[in-house]
Amino acid sequence: MNKRSITVIPGDGIGPSIVDAALKIMDHAGCNFHYDYADAGLMALEKHSELLPQSTLDLIEKNKITLKGPLTTPIGGGFTSINVSLRKHFNLYANLRPVVSFEGAQSRYKDIDIITVRENTQGMYSGAGQTRSDDNTHAEAMSIITREGAERITEFAYKLARTEGRKKVTIVHKANILKSTSGLFLDVAREVAQRYPDIETNEMIVDAVCMNLVMYPERFDIIVTTNLFGDIISDLCAGLIGGLGMAPGANIGQDVAIFEAVHGSAPDIEGQNIANPCSVILASIQMLEHLEMQDKAQQIRNAVRKTIAEGKSVTRDLGGTATTTEFTQAIIANL
Ligand code: NAD
């Protein structure tokens, strides 16, 4: 039987070690993939003198499905974020960031189960109108919201609610102040909500969301919002379940999808073999679900759950002392 090809971008910093962990686990679970490796980020800059080589874009396009480690974007020097470039290039308009509590993980809350659906190509991250005066006294950036973009992402969120059997969508905005951009987003989201009378709709201003997420996280189910708010809120949500090491993200477009960790390349712990690989392992589970390989996804999720609940071989962010390698081996043993 022909193996399905997946593009793999190991990434920078802790990326290669945690991506390797996810691949080993999928292999042991019998997922039967062929991996096409591609460079991006600092590794690509060294090898190809550019952060995002055309050969990498071609492989992503060819295989349609990519598992990606975090990438370092050098600060200054006119470099655009590689992640933003990828999302725009492939029009990966939906960023799906689920957070779920794991028994045994060190966190302030139990029973968290929230999905943030973040618009991924527009808003403050559209990159338009970025200027800074030569004398460093004035800077500007433009936020862009279109009806099409707002409709597409809210439709995505409501459809997800139906397919996942979820009850409520919270539309997050700041339309009281950002009357044009957030105002249009809210108006369009309200129109979409009317097409889904079976799903409860809630509207909330982004600052109130932050407070409510910390005080009453159980009130949230699916959150749908614009790019910048979604970026911030999803990190807040990661904090509810024990940190960035447990937070995966899927970037979904019309026919290309990229699965990754929410966090960055963590240069502060690079090379120490102590990174929590779960972010990319959970991203690989999202990828398997996207490929309708639900049984493999469930098998890996159960092994991760069991390993964290046992608590013997988990990394220090989860309250243990295990290395990345030991944690990965324990998950494999529990498959
Ligand atoms: P970061 O997310 O890399 O790290 C923040 C903190 O979380 C650090 O203390 C780090 O040690 C910890 N952490 C992150 N992942 C962890 C894991 N798996 N296990 C244990 N601890 C973990 O944020 P940063 O330091 O601000 O960014 C570093 C670089 O990553 C920057 O160049 C930034 O541009 C890039 N970045 C990339 C992505 C991406 O590729 N999707 C996302 C965010 C940041």
Side-chain angles (χ1 to χ4, degrees), residues 8-22 25 38-45 51-52 56 60 66-90 92 95-97 99 102 105-107 116 118 120-121 125 227-228 230-239 241-252 257-284 286 304 307-308 313-328 331:
V8 174
I9 300 176
D12 297 314
I14 60 171
S17 66
I18 57 179
V19 168
D20 185 56
I25 289 168
D39 297 322
L42 289 186
M43 196 195 285
L45 193 62
L51 289 168
L52 191 54
T56 296
I60 295 173
T66 297
L67 186 67
K68 173 186 149 305
L71 302 172
T72 301
T73 300
I75 295 173
F79 293 111
T80 333
S81 158
I82 315 153
N83 294 307
V84 173
S85 303
L86 277 173
R87 290 165 191 166
K88 288 179 83 171
H89 183 90
F90 292 105
L92 305 172
N95 191 335
L96 206 65
R97 294 182 162 186
V99 290
F102 280 80
Q106 283 201 331
S107 93
T116 302
R118 161 189 173 193
N120 217 13
T121 55
Y125 292 7
N227 209 336
L228 174 63
D231 194 7
I232 297 167
I233 285 173
S234 54
D235 265 36
L236 196 164
C237 287
I241 52 146
L244 285 168
M246 298 302 294
N251 300 277
I252 314 249
I258 300 181
F259 299 84
E260 62 180 354
V262 163
H263 60 73
S265 52
D268 54 332
I269 56 168
E270 180 182 355
Q272 297 177 40
N273 199 19
I274 56 169
N276 180 352
C278 282
S279 51
V280 180
I281 296 168
L282 295 172
S284 73
Q286 281 188 298
V304 171
T307 311
I308 295 176
S313 300
V314 296
T315 41
R316 73 178 185 192
D317 58 312
L318 295 176
T321 54
T323 60
T324 310
T325 317
E326 288 162 348
F327 193 5
T328 307
I331 296 171

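Numbering of ligands and ligand atoms starts at 1, following listing order. These values consider heavy atoms only, across backbone and side chains, with no hydrogens, waters or symmetry-generated copies. Heads up: numbering here begins at 1 and tracks the sequence.
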Is there a polar contact, in the sense of an N or O pair closer than 3.5 Å, between G264 and ligand 1? yes
Could you tell me, atom by atom, which parts of ligand 1 come under 4.0 Å of a heavy atom of P70? 40 (O)
As a test of the contact definition, would atom 24 (P) of ligand 1 count as having a protein heavy-atom neighbour under 4.0 Å? no
the protein heavy atom lying closest to atom 4 (O) of ligand 1 turns out to be A266 CA, 4.2 Å
Qualifying residue for side chain to side chain contact (heavy atoms under 4.5 Å, CB included) with I9, from V19, L52, I60: I60
What are the two closest heavy atoms between G230 and S234, and how far apart are they? O-OG, 2.7 Å
Who are the side chain to side chain donor-acceptor pair (under 3.5 Å) partners of T307, not counting sequence neighbours? N334
Identify, with sequence neighbours excluded, every residue that meets side chain to side chain donor-acceptor pair (under 3.5 Å) alongside T72. S265
Residue A275 vicinity, atoms of ligand 1 by number, heavy atom under 4.0 Å: 19 (N)
Under the 3.5 angstrom rule, does the side chain of T324 hit a backbone N or O of A275 as a donor-acceptor pair? yes
Shortest protein contact, atom 32 (O) of ligand 1 (heavy atom only): T72 CG2, 3.3 Å
With a 4.5 Å heavy-atom cut-off, do P277 and F327 have their side chains touching? yes
So M246 and L282, do their side chains get closer than 4.5 Å, heavy atoms only? yes
Counting both backbone and side chain atoms, is some N or O of H263 under 3.5 Å from an N or O of ligand 1? yes
Donor-acceptor pair between T325 and N273 side chains, under 3.5 angstrom: yes
Spatial distance of atom CG (N227) from atom CG (N120) [nearest 0.5 Å]: 5.5 Å
With respect to atom 35 (C) of ligand 1, which of L71, N251, T73 exhibits the smallest heavy-atom separation? L71
Could any protein non-hydrogen atom be found less than 4.0 Å from atom 6 (C) of ligand 1? no
Nearest non-hydrogen atom to atom 21 (N) of ligand 1 belongs to which of T324, L42, I18, I269? I269
If the cut-off is 4.0 Å to any non-hydrogen atom of L244, which atoms of ligand 1 fall inside it? 2 (O), 7 (O)
Option among I14, I18, V262 that satisfies the side chain to side chain contact (heavy atoms under 4.5 Å, CB included) test with S279: I18
Ligand 1 contacted by K68 (non-hydrogen, < 4.0 Å): yes
Any protein heavy atom < 4.0 Å from atom 12 (C) of ligand 1: no
So, taking the atom named CZ in R118 and the one named CZ in R87, what distance separates them when rounded to the nearest 0.5 Å? 5.0 Å
In the protein, what heavy atom is nearest to atom 8 (C) of ligand 1, and what distance, to one decimal place, separates them? D268 OD2, 3.4 Å
Any V262 heavy atom less than 4.0 Å to ligand 1: yes
In ligand 1, the atoms that come under 4.0 Å of a heavy atom of N83 are 37 (C), 38 (C), 39 (C), 40 (O), 41 (N)
Note the single closest protein heavy atom to atom 18 (N) of ligand 1, along with its residue, its atom name and the distance in Å. N276 O, 2.9 Å
Students should be able to answer this: which protein heavy-atom is nearest to atom 30 (O) of ligand 1, and at what distance? S265 N, 3.0 Å
Under 3.5 Å donor-acceptor, N251 side chain and L92 backbone: no
Side chain, backbone, both or neither: which applies to P267 and ligand 1 if a contact is any heavy-atom pair less than 4.0 Å apart? side chain
N or O pair under 3.5 Å between D317 and ligand 1: no
